[in-house]
Asker: 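Have a look at this one before I ask anything.
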Amino acid sequence: MSGADGVLDGWSTDLSHPPRVLNGPPGSGKTGVLLMRFRQLLQSGEFPTGVVVWVSNQQAVQHWQQVIRDWNHRGVNATVMTFRSWVRQELMQNWALVESSGVLPGKPPQARPFFIGLMAAQHILSDCCAEIDPKHDVLAESFTAPAMRRVQVLDAYARVIEHGLPYDTVLPRLNACHDAGPQSQAFHVYIAEAIAAYRSRCMTYRVLDHALQLELFTLALLNHRGYLQRLAAHTQHVLVDDFEECCPVALRVIDHVSKKARSVLVACNPLGGLREYLGGDPVGARALSQGFEERYLMISEAALPAASLADYLYARAVDEAAASVNPSGKRSILSLHPSCVLRVQMFDVLIARVRALVAQGVPSQQIVVIAPMVDPLLLWHLREGLAQDGLPLRVLTGTNRVVDHRPVRVLTTLVRLARPQWQMPPPEADVTEMLETLLNLHPLESPHVQRGVYQDGQLNVADTVNWPRLLENRRASYDGLYGWVKQMCESEAPLDVLLEQAFAQVYAPRCLLGLAPDGVKGEAGSLKSADVAMDVLQIDQLIQNARTHRHLMAALGEGSAGDPKRFLRSIYAGELAERPLIPRGSLPAAVTLYTAAKYAEEGAPVAHQLWVDVASPLWWKSDIREFINPRVLSRNWDEGMYTEDHDQRDQALKLGRTLRAIVSKCRVGLDVFASDHGSDGAELSGELLGWFAEFAHATRAIANGTATEVSL
Amino acid sequence: MTGESHALVLSATGLRAWDRCERLFAFTYIHPMPWPGPQGTDPQLSERRTSLGTQLHHLIHQHALGLDPRSLARTDPDLRRWFERYRASAYAALDGPVHSELHLSASVGDMVVRATFDRVIQRGSEFVIVDWKTSERLPDARVLADDWQALLYPFVLAEVGSALNGGVAIAPEAIKMVFYYVEHGQEVVIQHDSERHEGVRSNLLRVMASMARSGYEPTGKQGQRCLKPAPCRFYSLCHLADMRIEEQVADDDVPEVGPDDYLALLPEYEFDDEPVSL
């Protein structure tokens with residue numbers, strides 16, 4: 001039973017303007033009500049293409065599609081997409097209208113636009129910077145400390161672009177908020193010039209980032225009478241999830257559609273959403289629904305498990321009393337484990353606790369570990385500890401770099417050797433690693449081979465090398481590798497195809513031999529080892545991105561080959577993040593490790609949560625990049641200068657929402673672990689731990705000798 | 001994650017993949033696996049044709065929405081020629097009920113089959129499904145009639161298309177499928193009927209039964225279908241053992257080595273001549 005049950009009772013199909021707003025915190029069942037409403041509309045005979053559903057992210061799209069499929073729905077498919085995807089679809093379907101609107105620069109029209117994301121936008125922006133001042137190839141310099149500040153500013157501007165905010169109004173605000181010395185001002189002016197060049201280039205070649213998509217949609221379509229009539233004719237009902245995270249343009253569209261549509265129902269979290277800080281417009285969302293409070297449907301917070309802890313944490317985080325604390329009807333247990341002296345001891349306690357839970361019959365997939373970024377050695381320790389009881393550990397952090405994966409480095413080293421004309425010879429260490437991997441050498445052997453075969457940025461024929469007797473059995477294998485590199489030197493294949501060939505012809509036969517796929521009907525159905533599957537996924541990510549980069553360069557009129565060197569440099573600069581491994585289908589039972597932010601946004605509710613290392617200041621990752629705070633950039637920021645106090649308050653709000661979202665997904669028990677010392681040996685005294693202790697005391701905790709347990 | 005089973009959703013492409021190889025099907029639909037592989041024999045050429053084909057479909061859809069995308073078609077000679085052939089065809093007229101880029105789903109047993117129609121035209125009581133094709137070669141009409149797309153699309157429309165017909169089910173006899181080849185300006189017409197309709201249902205149920213029994217082993221007719229008409233994306237995965245590099249030697253061939261061989265691997269250091277006093 002959820003607090004959302006029954007809210008649709010007595011609703012008819014037609015609910016005229018204004019929108020109905022469904023208010024409730026995370027986990028209160030808002031999405032469930034929207035799904036019920038959707039089903040109600042279909043059952044009443046509505047044509048599904050007339051029902052538009054906007055959700056906040058791709059995972060929500062998949063969730064909706066899965067639920068609809070499970071209804072075994074037959075007939076015309078409905079439109080469930082993010083607002084961003086919907087705008088893209090509208091632009092694509094009405095591109096002739098956009099081209100004829102006169103909004104785009106007077107270049108011969110393109111058959112269709114080329115859509116790009118944040119990373120590609122930063123690439124082009126950095127190119128524009130370098131063209132204005134060659135010393136400022138910001139991304140290429142990103143490893144050096146002074147350049148980091150420029151990267152932050154560039155990132156800030158890229159986000160301004162991404163969220164469709166007017167950068168010319170943001171510029172003075174940024175100057176006012178931060179060091180506004182002459183140097184800083186000059187730098188901002190320089191960046192603004194680069195952005196103008198970026199905008200001009202993108203518009204000319206119809207390469208559209210999110211901001212330009214919204215701008216074109218607004219200028220060319222939302223002002224077009226014929227389009228608006230067609231939109232109104234085709235859109236009978238609108239359902240919006242996470243309303244508070246919609247951008248200003250989305251609100252305008254909702255406002256427009258709600259005047260014509262037969263019903264509009266939006267679900268909104270009154271405390272703001274997790275992704276609000278990424279550019280949503282909660283103030284605008286509330287303004288849109290103001291005056292219609294009688295149409296609000298409040299979902300009771302009592303539906304939340306562990307509601308009191310959620311409210312307590314939220315109240316502490318935002319440093320204000322919670323408006324109301326509704327003790328949950330459900331019983332949950334908070335266990336505070338004594339702080340360990342060392343982190344490794346803390347992991348031992350954690351492992352013991354997981355074992356105990358599994359021994360009590362808790363399915364391992366109902367156990368989630370939430371931890372800050374864990375160093376590889378401790379991760380190995382945790383993995384090995386759990387493996388002793390046959391418990392695999394899945395790690396869903398998704399914030400590592402793709403270049404952190406050895407196979408990615410091996411493949412890029414191979415292509416650098418196969419393209420001497422790029423004049424990007426790989427460093428000796430990379431060649432050593434490549435030889436070690438592909439020739440199956442011992443780490444002691446590989447430097448020796450590397451010294452023999454790699455000179456002046458090129459591989460040598462084995463015959464010219466004094467090949468050690470010990471490694472005689474690797475010589476023929478090296479010959480094959482050498483032959484492949486020489487053969488590819490003659491090929492004109494673009495980078496992505498070359499990488500594909502390097503994987504299929506060199507890496508897979510040498511490194512994945514014996515890794516025949518499982519009986520694919522079996523458990524993971526994937527490769528036998530999750531680690532290998534993760535590596536292959538990253539290689540795929542690398543190749544797909546190289547391909548997208550080539551297409552982008554072609555769209556920008558830089559020829560079909562583009563500049564692959566630029567792409568490779570960006571890989572080594574760590575710009576491309578790894579793709580998280582989320583195996584589909586049935587999974588073997590596994591404990592899952594998340595970061596706090598990842599679990600808050602994407603994790604499913606589970607029985608037990610184990611919060612590890614809560615004393616670490618890194619447990620929750622705050623945005624320390626001052627420039628990108630959207631409240632600074634937002635149109636609705638009207639509180640004058642943005643100060644450190646504002647920043648702290650915003651960070652606290654974000655932390656509060658994150659904690660609340662996490663706790664709301666805990667069904668039975670929450671265990672908290674901490675250590676006195678961080679990875680660098682320094683003493684820790686994280687405030688999170690203190691809050692827990694305070695909460696336990698405030699709720700008359702019962703000490704049982706090993707842990708403090710509190711009934712929630 | 002919890003072992004929940006969901007209905008399998010299949011399109012004509014998925015059914016073709018099943019026919020080609022059960023393992024290919026499994027890697028694509030049951031347990032999707034990221035495995036980089038070459039896209040066709042000439043990746044860049046097939047990439048261009050795919051891109052142009054997609055663009056043509058966008059232009060045609062815009063035309064169906066009442067826009068005039070001729071200026072967009074002029075950006076490429078192939079695209080322009082194809083779009084002109086489309087406009088000259090008997091299926092470009094927009095008088096009467098016309099549905100463009102319509103997605104329909106139907107259930108057969110535990111399976112959901114899905115079809116994306118380029119265009120559905122209602123002419124009186126007759127429904128014409130039109131699919132635009134950009135391939136260079138005209139296929140044999142008999143072979144095409146047995147293709148999953150020619151079977152599945154009319155089947156889905158007859159099963160669940162009542163929404164397009166005022167709530168009344170569409171009789172199989174009222175449906176015909178047209179493949180229009182814009183490169184040649186020619187069409188292949190396939191008439192649907194009740195017998196064919198029930199045949200498709202039986203085929204789908206047979207496929208479902210086979211899937212339930214399948215161990216998803218490679219069934220690509222001893223590797224022939226792995227390479228034709230285009231190399232399978234998973235070729236290097238399935239044939240890892242065959243691709244084992246010949247130059248790797250068996251353990252027996254490893255030469256006997258002594259301590260000197262290991263010492264030879266150590267980096268060369270320069271030592272001071274003077275002994276160190278402790």
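Naming: A, B, ... by sequence-line order, numbering from 1 per chain.
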Asker: May I ask you to name which of B/G167, B/A163, B/P69 has the most heavy-atom pairs under 4.5 Å with chain A?
Answerer: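 Option with the top pair count is B/A163.
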Asker: Quick one: what part of B/L157 sits under 4.5 Å from any heavy atom of chain A, side chain, backbone, both or neither?
Answerer: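 B/L157 has no heavy atom closer than 4.5 Å to chain A.
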Asker: For B/R114, is it the side chain, the backbone, both or neither that has a heavy atom under 4.5 Å from a heavy atom of chain A?
Answerer: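 The side chain, not the backbone.
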Asker: Taking all non-hydrogen atoms of both residues, which atom of A/P109 and which atom of B/S71 are closest, and how far apart?
Answerer: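 Looking at all heavy atoms of both residues, the closest pair is CG-O, 3.9 Å.
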Asker: To the nearest 0.5 angstrom, please state how far the CG atom of B/L65 sits from the CG atom of A/L97.
Answerer: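 Here the rounded value is 10.0 Å.
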Asker: Just by modelled atom types, is the B/L72 backbone N or O under 3.5 Å from a matching donor or acceptor in the A/Q110 side chain?
Answerer: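 Checking the backbone N and O of B/L72 against the side chain of A/Q110, no donor-acceptor pair under 3.5 Å is found.
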Asker: Counting only heavy atoms not in B/R80, do more than 12 fall under 6.0 Å of its CZ?
Answerer: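 No, because the 6.0 Å sphere around CZ of B/R80 holds 12 heavy atoms or fewer from other groups.
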Asker: Would you mind checking if B/E47 and A/R550 are paired as a salt bridge, meaning a charged N to carboxylate O distance below 4.0 Å?
Answerer: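 Yes, charged N to carboxylate O under 4.0 Å.
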Asker: Tell me, side chain or backbone of B/S51 under 4.5 Å from chain A's heavy atoms, or both, or neither?
Answerer: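 Looking at B/S51, backbone and side chain both touch chain A.
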Asker: Which pair of non-hydrogen atoms, one from B/L67 and one from A/N94, has the smallest distance, and what is that distance?
Answerer: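 The pair with the smallest heavy-atom distance is CD1-CA, 3.6 Å.
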Asker: Between A/I543 and B/P36, which heavy-atom pair has the shortest distance, and what is it?
Answerer: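 Smallest interatomic distance, heavy atoms only, reads CD1-CB, 3.4 Å.
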Asker: Enter the distance from A/I539:CD1 to B/W35:CH2 here, rounded to the nearest 0.5 Å.
Answerer: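 One finds 8.0 Å between CD1 of A/I539 and CH2 of B/W35.
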Asker: Pick one of side chain, backbone, both or neither for B/E159, based on which atoms fall under 4.5 Å of a heavy atom in chain A.
Answerer: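 Contact with chain A involves both backbone and side-chain atoms of B/E159.
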Asker: Yes or no on side chain to side chain contact (heavy atoms under 4.5 Å, CB included) for B/T54 and A/R112, after CA distance, side-chain angles and deciding distance?
Answerer: CA-CA 10 Å; B/T54 308; A/R112 60 173 176 172; 3.6 Å; yes
Asker: Against chain B, label A/R230 side chain, backbone, both or neither, depending on which of its atoms sit under 4.5 Å from a heavy atom there.
Answerer: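 For A/R230, side-chain heavy atoms alone lie under 4.5 Å from chain B.
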Asker: Under a 4.5 Å cut-off applied to non-hydrogen side-chain atoms, are B/Q62 and A/W95 in contact?
Answerer: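 Counting from C-beta outward, B/Q62 and A/W95 do come under 4.5 Å.
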